[in-house]
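Source: prediction; values computed, not measured.
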Amino acid sequence: MNNRIHRDLQSSKGLFQWKESGAGDPLEEVFKRALSRPKIFKNREVMRSDYVPEKLPHRDEHIRSLGEILSPTLRGSRPSNVFIYGKTGTGKTAVVKYVFKRFGEITSKEKLPLKFEYINCRIAGTEYRVLTELCGAIGVKVPFTGLSKAEVFNRLRRGLSEKGYLLVACFDEIDALVKNYGDNLLYELTRINEGFNGSGLSIIGVSNDLHFKDYLDPRVLSSLSEEELVFHPYTAIELIDILSERASEAFYEGAVPQEVINLCAALAAAEHGDARRAIDLLRVAAEVAERNGDEKVEEKHVRLAQNIIERGRVFEALSTLPLHSKLILTSLILLKRGGVGDPISGTVYQAYRELCGLIGVEPLTNRRVSSLISELDMLGVLKSDLVNRGRYGRTRKISLLTPIDEVEEVIRSDELLSTLLNHKLKIDLKRNR
DNA sequence: CCTCCACAGGAAGCGCAGGAGT
DNA sequence: ACTCCTGCGCTTCCTGTGGAGG
């Protein structure tokens with residue numbers, strides 16, 4: 001099993017290795033190759049996920065609607081709040097950023113007292129930081145910690161009325177904020193305009209959770225969704241247009257044939273029409289082709305890219321986990337390798353405590369481990385199904401969703417856990433004999 | 001029909017970090 | 001120096017629960 005992982009690692013590395021290895025100065029070779037290699041990328045920036053293109057194919061209607069809704073700002077009155085729904089990669093963020101950019105241009109040309117601020121609630125993280133960013137948008141300086149939320153809120157209100165700004169704020173992934181902190185802040189923000197005329201705050205809420213409305217207080221909902229926009233997933237045909245548009249800017253002519261674009265579009269369309277996925281796929285495929293020294297991107301590169309992206313996702317999700325989550329995964333691996341089918345939470349907790357004992361770490365409580373398992377479930381690493389076993393209680397059956405070898409690979413990238421794993425596996429082997 | 005298992009998962013609160021205001 | 005603020009990770013305590021077996 002060890003060998004297998006080793007082999008996997010080598011072969012995945014092998015992807016990036018040159019076909020022949022020359023002697024002498026190792027960098028010399030790299031330079032020479034890099035300079036003589038056929039070029040694929042003309043402009044790498046264009047394929048980055050946060051790039052806002054000049055043209056957004058198939059979103060004209062949405063751009064016009066949003067512009068229409070925001071147009072009162074140019075005449076100095078406050079526009080309606082807007083709610084935008086749509087799954088990931090349907091162009092919500094791109095449309096908002098694009099519209100903000102264009103309005104920003106007009107604003108600075110005409111010298112209007114307008115501010116447009118884009119905030120990603122999941123990245124901002126807390127209510128406090130969201131408020132801080134709003135303050136920052138209108139030039140009110142706020143320390144990043146130390147003040148009460150109420151104080152920051154007051155400063156925002158004072159700033160708005162003193163400076164006379166009209167602030168249009170986009171709360172992207174607004175569901176993340178509401179799920180963690182409730183809708184109190186939103187309620188307060190929708191009421192901040194009372195007593196203002198001309199200045200104030202308009203909110204654009206963006207969510208990819210279609211059931212998000214259910215979490216909201218009716219009062220917040222009604223004032224927040226004065227206008228609504230719904231973004232539908234892209235079809236494969238639309239994705240082809242989007243990719244072609246980007247590809248023509250990002251790559252040299254002939255480097256990316258049409259059938260490769262079609263393939264990327266088809267693969268992404270099969271997964272809910274996510275444009276971001278499609279673009280990532282094409283970018284990685286092109287990178288693979290480039291590193292390989294090939295002249296153009298081919299189907300095999302796209303297939304490899306698919307693999308790389310998948311592995312990258314797993315690795316990134318798992319390697320940044322805290323120690324105790326990794327210990328839980330380690331126990332799961334050991335139980336699986338030991339021939340236990342899908343263990344129940346009690347068994348996992350026992351194994352986990354044992355591991356903690358071995359490395360001299362104070363174990364967390366059952367309750368906390370239960371939460372960590374739920375978190376891993378939400379991450380999609382494992383699945384925990386509630387099962388009722390009558391007399392034998394009610395518990396969760398835990399199964400790995402990620403291939404066990406991939407999980408083990410990540411666990412083994414931590415030296416301590418790797419040693420622990422080897423140690424335990426050896427003991428189990430002896431016991432079985 | 002009732003009991004009782006083996007937990008799930010909500011609520012509250014604690015201690016700490018990292019700051020601000022006085 | 002002291003008080004007060006929030007977020008975070010965690011514990012403690014608690015109530016709830018579906019169905020096998022008596």
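- Residue-to-nucleotide contacts include no donor-acceptor pair under 3.5 Å from the side chain of Arg129(A) to the base of dG7(C).
- Listed for the Tyr165(A) side chain is no donor-acceptor partner under 3.5 Å among the backbone atoms of Ala137(A).
- By the 4.0 Å N-to-carboxylate-O rule, Lys397(A) lies too far from Asp377(A) to be salt-bridged with it.
- If you check distances only, the side chain of Arg391(A) never reaches the base of dG22(C) with a donor-acceptor pair under 3.5 Å.
- Minimum atom distance to the side chain of His324(A) is reached by dC10(C), of the listed dT6(C), dC10(C), dG21(C).
- Along DNA chain B, the nucleotide closest to Asn366(A) and the one closest to Gly390(A) are compared, and the more 5′ of them pairs with Gly390(A).
- By the 4.0 Å N-to-carboxylate-O rule, Arg64(A) lies close enough to Glu61(A) to be salt-bridged with it.
- Atom CZ of Arg389(A) and atom P of dT3(B) are 22 Å apart (whole Å).
- For the pair Glu227(A) (side chain) and Val82(A) (backbone), a donor-acceptor distance under 3.5 Å is absent.
- Across the protein-nucleic acid pair, Asn388(A) atom CG and dC7(B) atom P stand 13 Å apart, rounded to whole Å.
- Closest approach to the Leu386(A) side chain among dA20(C), dA8(B), dT11(C) is made by dA8(B) (side chain taken as heavy atoms from C-beta onward).
- Phosphate proximity of dA8(B) to Ser370(A): present, with a side-chain N or O under 4.0 Å from OP1 or OP2.
- To the nearest angstrom, P of dG21(B) lies 14 Å from CG of Asn154(A).
- Nucleotide dT11(C) holds its C1' atom 11 Å from the OH atom of Tyr349(A), rounded to whole Å.
- Distance Lys149(A) NZ to dC4(C) P: 19 Å, rounded to the nearest Å.
- Checking Arg396(A) against Gly393(A), the closest nucleotide of DNA chain B that is more toward the 5' end is the one next to Gly393(A).
- Between the side chain of Ser71(A) and the main chain of Glu68(A), a donor-acceptor pair closer than 3.5 Å is present.
- Taking the side chain of Ile344(A) as heavy atoms from C-beta on, and the options dG9(B), dC7(B), dC10(C), the nearest nucleotide is dC7(B).
- In this structure, the nucleotide among dC10(C), dG10(B), dA8(B) sitting nearest to the side chain of Ser345(A) is dA8(B).
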